[in-house]
Colleague: 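Could you have a look at this structure, given as structure tokens, before my questions?
Residue numbering restarts at 1 for every chain, and letters A, B, ... go by the order of the sequence lines.
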Protein chains: 2
Amino acid sequence: MSDKVRVVVADAQVLCRVGLCQVLKAEEQIEIVGEANNTESLLSLVSEVKPQVVIIDYNQPGYFDARIAGQIKDISPITDILVISSDDRKERIYQVLEDGVNSFLTKQCDEGEIIDAIRATAKGDKFYCHKILDLIIERSFPSKSENCAATPLSPREKEILTLVAKGKIAKEIAAELHISPHTIYTHRKNILRKLKLTSPTEMIVYALEQGLIELES
Amino acid sequence: MSDKVRVVVADAQVLCRVGLCQVLKAEEQIEIVGEANNTESLLSLVSEVKPQVVIIDYNQPGYFDARIAGQIKDISPITDILVISSDDRKERIYQVLEDGVNSFLTKQCDEGEIIDAIRATAKGDKFYCHKILDLIIERSFPSKSENCAATPLSPREKEILTLVAKGKIAKEIAAELHISPHTIYTHRKNILRKLKLTSPTEMIVYALEQGLIELES
DNA sequence: CTCTAAATTAGACTAAATATAAATAAAAGC
DNA sequence: GCTTTTATTTATATTTAGTCTAATTTAGAG
């Protein structure tokens with residue numbers, strides 16, 4: 001048992017794993033104790049070695065998904081998580097940030113930020129890259145942003161938007177939620193007004209961007 | 001001037017560049033003569049060093065796009081191109097394949113395929129990973145696939161699908177194309193029938209998957 | 001307690017979409 | 001050359017979805 005920080009690298013893409021390992025090798029106080037390319041192998045690895053740090057891209061359908069942070073914390077609460085993801089959906093990112101992740105980078109980050117983040121997380125500190133910090137600030141101080149409020153939709157409106165985006169028509173949604181079709185129309189009108197959109201199609205695009213629905217199943 | 005194959009690595013993500021360089025280092029007969037993280041620096045690099053091979057991910061909005069293969073070939077016709085991309089839109093992939101690319105991998109490929117592809121491309125051969133070969137075969141022998149024809153839509157139908165997906169209603173499209181709104185309805189009905197879809201919303205999702213429209217502008 | 005926002009609903013009305021049918025032109029097959 | 005299919009186009013009558021306006025109920029903020 002060395003006194004180095006024990007790190008697990010989890011990414012479905014071999015190039016990213018190799019790149020990350022290469023960057024980590026330059027760090028004296030870090031030891032890579034394992035790699036994983038899917039949820040199953042990562043979780044058994046975590047339960048086995050209880051690493052101090054897991055570096056992961058959760059945004060890889062079929063390999064990893066956004067629930068991974070909670071699953072890691074359940075198995076090993078002492079493990080700190082550094083996300084290096086290609087995700088660009090604000091709501092999904094907010095969700096992951098609230099889910100016990102310590103540090104968060106995007107794959108567009110430059111080398112300096114990656115190294116800083118790895119060092120900070122290995123010390124138990126938190127680190128967020130510029131892009132993620134901008135998102136956090138935008139959410140904390142919505143008045144500063146020109147785009148304003150991240151999601152000004154009420155829970156019910158989100159629910160209805162999700163169903164609309166899935167291709168259901170008002171009548172079907174009404175039957176599902178046991179309310180009148182007129183209620184759906186009103187909600188939808190309010191959603192369009194709030195988001196300053198003009199066509200139902202733009203709602204789909206919005207829902208996709210916000211991570212309310214997924215492309216391909 | 002050595003007798004090694006001179007390779008340029010182009011990827012906006014530093015981790016992928018590092019990973020790729022690491023993999024290439026293991027290849028005796030390859031020499032990395034430059035790296036680029038955006039179109040401008042790549043093109044000036046290509047024009048300067050005229051590499052035998054460029055390895056690139058064209059699917060990085062703001063850094064590289066699908067036109068890059070043609071641009072490289074214009075500057076340096078002798079350069080072979082190996083794409084290692086995260087793109088999953090069939091139509092876009094077909095378009096790039098027709099655009100003078102020699103080899104094509106996805107970032108989900110395993111290490112073996114990546115090494116094989118690099119060696120093959122360095123020798124001037126072509127290489128396609130399993131996933132891409134499946135796509136090519138699917139297009140060449142549409143009857144074999146259960147999903148059948150990649151895009152069985154006529155040009156006119158594609159045009160109308162694109163406009164519908166942009167949020168325009170039949171009347172607006174009719175005015176734009178100088179035809180009757182009824183024509184639009186008929187086309188749309190045919191599109192839904194051909195794609196075995198049931199709601200207009202699914203058309204939007206289809207158009208997004210096919211790369212007919214783009215998320216965010 | 002009052003005021004606002006969220007959630008709900010209805011009736012009258014308008015616009016969009018479907019079903020059905022069909023004409024024309026071009027491409028493919030024999 | 002003739003037939004068949006596909007693409008493109010259109011129309012009428014009918015059905016359905018969606019909008020506008022208006023209103024009620026509930027819950028939370030101040």
Colleague: Is the phosphate of D/dT19 approached by A/Arg188 (side-chain N or O, under 4.0 Å from OP1 or OP2)?
Modeller: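 A/Arg188 to D/dT19 OP1/OP2: side-chain N or O found under 4.0 Å.
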Colleague: For A/Asp11 and A/Gln60, does a side-chain donor sit closer than 3.5 Å to a side-chain acceptor?
Modeller: yes
Colleague: Look only at the side chain of A/Tyr206 and the backbone of A/Leu161, and say whether a donor-acceptor pair between them is shorter than 3.5 Å.
Modeller: no
Colleague: Within the modelled atom types, does a donor on one side and an acceptor on the other bring the side chain of A/Thr186 and the base of C/dT9 under 3.5 Å apart?
Modeller: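 Side chain to base: pair found, below 3.5 Å.
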Colleague: Whole-Å distance between D/dT8 P and B/Ile173 CD1?
Modeller: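 So the two atoms are 15 Å apart, to the nearest Å.
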Colleague: Just N and O in the side chain of B/His187: are any of them under 4.0 Å from OP1 or OP2 of D/dA7?
Modeller: no
Colleague: Roughly how many Å is it from NE2 in B/His178 to P in D/dT10, rounded to a whole number?
Modeller: 12 Å
Colleague: By nearest atom, which of the nucleotides C/dA7, C/dT9, D/dT10 is closest to the A/Ser180 side chain?
Modeller: C/dT9
Colleague: I want to confirm an ordering. Mapping A/Lys194 and A/Ile184 to their closest nucleotides on DNA chain C, which one lands closer to the 5' end?
Modeller: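 Its nucleotide being nearer the 5' end, the pick is A/Lys194.
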Colleague: Figure out the CZ/P separation between A/Arg193 and D/dC20, and round it to whole Å.
Modeller: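 Checked: the CZ to P distance equals 12 Å.
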Colleague: Rounded to the nearest angstrom, tell me the gap between atom NZ in B/Lys158 and atom P in D/dT8.
Modeller: 12 Å
Colleague: Does a side-chain N or O from A/Thr183 land closer than 4.0 Å to OP1 or OP2 of C/dA7, or not?
Modeller: no
Colleague: Counting side-chain heavy atoms from CB outward, which of D/dT9, C/dA17, D/dT12 is closest to B/His182?
Modeller: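 Among the listed nucleotides, the one closest to the side chain of B/His182 is D/dT12.
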Colleague: Give the rounded distance in Å between these two atoms: CD1 of B/Ile191 and P of D/dA7.
Modeller: 11 Å
Colleague: What's the closest nucleotide to the side chain of B/Ile169 if the choices are C/dA16, D/dA17, D/dT8?
Modeller: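 Nearest to the side-chain atoms of B/Ile169, counting from C-beta on, is C/dA16.
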Colleague: Indicate, with a heavy-atom threshold strictly under 4.0 Å, whether B/Lys189 touches base, sugar-phosphate, or nothing.
Modeller: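 Result for B/Lys189 = base.
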Colleague: Has the side chain of A/Lys50 got a donor or acceptor atom that lies under 3.5 Å from a matching backbone atom of A/Ser76?
Modeller: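 No; judged by distance alone, with no hydrogens or angles, the pair does not exist.
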Colleague: Kindly say if B/Arg156 contacts the phosphate of D/dT9, meaning a side-chain N or O under 4.0 Å from OP1 or OP2.
Modeller: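 Yes, B/Arg156 has a side-chain N/O under 4.0 Å of OP1/OP2 on D/dT9.
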Colleague: Look at the side-chain N and O atoms of B/Ser154 and state whether any lies under 4.0 Å from the OP1 or OP2 oxygen of D/dT8.
Modeller: yes
Colleague: Round to the nearest Å and state the distance from A/Asn190 atom CG to C/dT9 atom P.
Modeller: 14 Å
Colleague: For B/Lys171 and D/dA17, what is the distance between atoms NZ and P respectively, to the nearest whole Å?
Modeller: 20 Å
Colleague: Have A/Asn102 and A/Thr121 got a donor and an acceptor in their side chains that come within less than 3.5 Å?
Modeller: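 On atom types as modelled, these side chains do not qualify, holding no pair under 3.5 Å.
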Colleague: In plain terms, say whether A/Lys194 and A/Glu157 are close enough for a salt bridge, that is, a side-chain N and a carboxylate O under 4.0 Å apart.
Modeller: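 Judged by the 4.0 Å cut-off on N to carboxylate O distance, A/Lys194 and A/Glu157 do form a salt bridge.
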Colleague: In whole angstrom, what separates A/Ile160's CD1 from D/dG18's C1'?
Modeller: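 Distance, rounded to whole Å: 15 Å.
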Colleague: Considering just the side-chain nitrogens and oxygens of A/Tyr185, establish if one lies under 4.0 Å of OP1 or OP2 belonging to D/dG18.
Modeller: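 Yes, within the criterion.
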